[in-house]
Amino acid sequence: MSSIVLFGPPGAGKGTQAQRIMESTGLPQVSTGDMLRAAVKAGTETGLSAKTYMDAGQLVPDHVIIALIEDRIQEDDASNGVMFDGFPRTIPQAEALAGITQVSHVIAIEVPDGKIVSRICGRYTCGNCSMVFHDEFNPTTEEGVCDGCGSNEFKRRADDNADTVLSRLSAYHEQTSPLAAWYEGRGIFHRIDGDRPIDEITTDILNVLE
Ligand code: AMP
């Protein structure tokens with residue numbers, strides 16, 4: 001069993017690429033952000049404790065995240081590995097992950113800070129199949145109709161606003177970006193220029209994974 005990590009700042013396109021490469025790799029997408037939002041919506045204890053951090057654009061404490069991943073990795077669909085999206089985000093999370101599953105590739109999708117705010121503030125997802133879109137850079141083909149499933153229900157994340165994005169970016173630089181060197185030292189870190197058309201990025205990621 002071997003897993004892949006999609007790494008990068010908020011708004012880099014990790015979720016978009018995860019959905020696209022899921023078909024080729026056969027690995028399920030495991031997004032800690034999606035899991036936390038589901039927990040918040042369900043009103044679980046984890047959700048209640050995570051919400052304050054998420055609303056403020058801060059990282060949720062490591063022990064909460066690691067417990068979520070330990071549970072998720074036990075599920076049947078994870079037996080051949082998974083594609084992590086938004087995890088790990090700190091060195092303690094990466095250390096915990098190393099004890100849970102083998103990671104074959106860390107794909108870093110790089111986007112300059114100056115592009116992040118506009119990429120995040122215009123994004124929305126399908127309320128039914130979770131496909132990710134963007135008002136300007138990646139709109140639905142037919143207005144108001146999801147390309148993935150035909151639904152006409154879309155949602156925007158509460159934390160996708162200009163104020164929170166800046167806190168999320170500082171959390172990324174302070175707590176998450178040191179992980180690049182940690183994984184580089186292990187020879188599994190691959191940088192991809194994420195400031196290009198979505199299809200080109202997908203092609204490059206698939207080439208790395210071949
Ligand atoms: P995301 O959907 O990956 O942008 O995550 C949304 C928010 O959930 C982040 O701003 C954090 O508050 C929290 N979060 C998601 N994944 C993690 C993680 N691996 N470690 C800590 N906090 C996380």
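Position 1 is the first residue of the sequence, and the numbers go up from there. On a predicted model such as this, the values are computed, not experimentally measured, just so you know.
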Heavy-atom side-chain proximity of [X] to [Y] below 4.5 angstrom:
| X | Y | answer |
| --- | --- | --- |
| I192 | V208 | yes |
| H173 | L169 | yes |
| I188 | S104 | no |
| S151 | C129 | no |
| C146 | N152 | no |

| field | R196 and D204 ion-paired at < 4.0 Å | value |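 Looking at R196 and D204, the cut-off is met.
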| task | Using ring-ring contact (aromatic ring centres under 6.0 Å, His included) as the criterion, list what pairs up with Y124, not counting sequence neighbours. | result |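 Partners of Y124 by the ring-ring contact (aromatic ring centres under 6.0 Å, His included) criterion, ordered by chain and then number, come out as F133, F154.
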| field | Counterpart residues, ring-ring contact (aromatic ring centres under 6.0 Å, His included), relative to Y53 (two or more places apart) | value |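 Residues passing ring-ring contact (aromatic ring centres under 6.0 Å, His included) with Y53: none at all.
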| salt bridge (Lys or Arg N to Asp or Glu O under 4.0 Å) involving D159 - partner list, sequence neighbours excluded |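 So D159 forms a salt bridge (Lys or Arg N to Asp or Glu O under 4.0 Å) with R157, R168.
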With distance as the sole test, does [X] use its side chain to make a donor-acceptor pair with the main-chain N or O of [Y] at under 3.5 Å?
| X | Y | value |
| --- | --- | --- |
| N161 | A158 | yes |
| S167 | G57 | no |
| H134 | S118 | yes |
| T176 | R89 | yes |
| D160 | C121 | no |

| Option passing side chain to side chain contact (heavy atoms under 4.5 Å, CB included) with F84 (candidates I4, V106, T101, L6) |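 Option passing the side chain to side chain contact (heavy atoms under 4.5 Å, CB included) with F84: T101.
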Contact summary for [X] and [Y], nearest pair of heavy atoms:
| X | Y | value |
| --- | --- | --- |
| L27 | S2 | CD1-O, 4.1 Å |
| V111 | P9 | O-CG, 4.2 Å |
| I66 | A96 | CD1-CB, 3.6 Å |

| For the residue pair Y172 and F7, does the interplanar ring angle fall in the parallel (under 30°), tilted (30 to 60°) or perpendicular (over 60°) class? |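 The rings of Y172 and F7 sit tilted, inter-plane angle from 30° to 60°.
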| request: Drop me the distance from D163's CG to D55's CG, to the nearest 0.5 angstrom. | output: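 Separation between the atoms: 12.5 Å.
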| Going by the salt bridge (Lys or Arg N to Asp or Glu O under 4.0 Å) test, which pairs reach into residues 93-114, not counting sequence neighbours? |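 As it turns out, the salt bridge (Lys or Arg N to Asp or Glu O under 4.0 Å) pairs with a partner in residues 93-114, which skip direct neighbours, are E110-R191.
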| query | Are side-chain N/O atoms of D147 and T141 paired as donor and acceptor at under 3.5 Å? | reply |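 There is such a pair between these side chains.
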| request: Can you run down the side chain to side chain donor-acceptor pair (under 3.5 Å) pairs that involve residues 7-23, sequence neighbours left out, and say none if there aren't any? | output: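 Every pair satisfying side chain to side chain donor-acceptor pair (under 3.5 Å) with a residue in residues 7-23: Q17-T202, R20-D199, R20-T202.
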Show me the side-chain donor-acceptor pairs of residues 35-44 shorter than 3.5 Å, one per line, residues at least two apart or across chains.
| residue | atom | partner | partner atom | Å |
| --- | --- | --- | --- | --- |
| R37 | NH2 | D34 | OD1 | 2.8 |
| T44 | OG1 | A39 | O | 3.4 |
| T44 | OG1 | G47 | N | 3.1 |

